[in-house]
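Heavy-atom basis, side chains included; hydrogens, waters and symmetry copies ignored.
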Amino acid sequence: NKYKSRTNVMFCLLPLFNAFVFYKLQYIWGYTNWCHVLTQVWLLYYYVSLALRENILKVNGSNIRPWWITHHYLSAFMSVVLLTWPEG
């Protein structure tokens with residue numbers, strides 16, 4: 001539960017931070033991509049860690065649905081795609 005409560009805070013704060021940087025600080029710094037990259041790296045960490053935790057729980061006998069683990073792997077894959085997507 002501690003992991004979930006810590007990551008929920010980040011889930012709420014990172015989009016707000018991105019919106020603030022995009023709308024308020026773009027006039028000072030110009031267009032910067034670092035805040036979006038930071039969000040995608042965090043999402044990649046989040047989904048990979050969830051998938052690994054759920055795989056460990058499944059091996060230990062928990063009743064975790066396979067589609068839930070697949071969802072986390074697909075979400076991690078999409079984070080990698082968005083990290084490597086060229087700007088344009």
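- Residues that satisfy the ring-ring contact (aromatic ring centres under 6.0 Å, His included) test with Y46, not counting sequence neighbours, are F11, W42.
- In this structure S49 satisfies the side-chain hydrogen bond (donor to acceptor under 3.5 Å, both in side chains) test together with Y3, sequence neighbours excluded.
- With sequence neighbours excluded, no residue satisfies side-chain hydrogen bond (donor to acceptor under 3.5 Å, both in side chains) with S79.
- Placement of V48 and L83 within a single hydrophobic cluster is found when ILVMFWY residues are connected by side-chain heavy-atom separations under 4.5 Å, directly or transitively.
- Residue pairs meeting the side-chain hydrogen bond (donor to acceptor under 3.5 Å, both in side chains) criterion with at least one member in residues 56-68, sequence neighbours excluded, are E54-W68.
- Hydrophobic clustering, defined by side-chain heavy atoms of Ile, Leu, Val, Met, Phe, Trp and Tyr closer than 4.5 Å, groups F77 together with M78, V81, W85.
- Members clustered with V9: L13, by chain and number, using a 4.5 Å side-chain heavy-atom cutoff among hydrophobic residues.
- Summarising the geometry, atom CG belonging to L43 is positioned 9.0 Å from atom CG belonging to L82; distances are rounded to the nearest 0.5 Å.
- Looking at residues two or more places apart in sequence or on another chain, you find no ring-ring contact (aromatic ring centres under 6.0 Å, His included) involving Y73.
- In the hydrophobic cluster analysis, where Ile, Leu, Val, Met, Phe, Trp and Tyr join through side-chain heavy atoms closer than 4.5 angstrom, Y45 is grouped together with L50.
- Under a hydrophobic clustering in which Ile, Leu, Val, Met, Phe, Trp and Tyr are joined whenever their side-chain heavy atoms come within less than 4.5 Å, directly or via other members, V41 and L44 fall into the same cluster.
- A continuous path of Ile, Leu, Val, Met, Phe, Trp and Tyr side chains, each step under 4.5 Å between heavy atoms, connects I69 with L52, placing both in one hydrophobic cluster.
- Residue M10 is grouped with residue L38 when hydrophobic side chains (ILVMFWY) are merged at heavy-atom distances under 4.5 angstrom, including chains of intermediate members.
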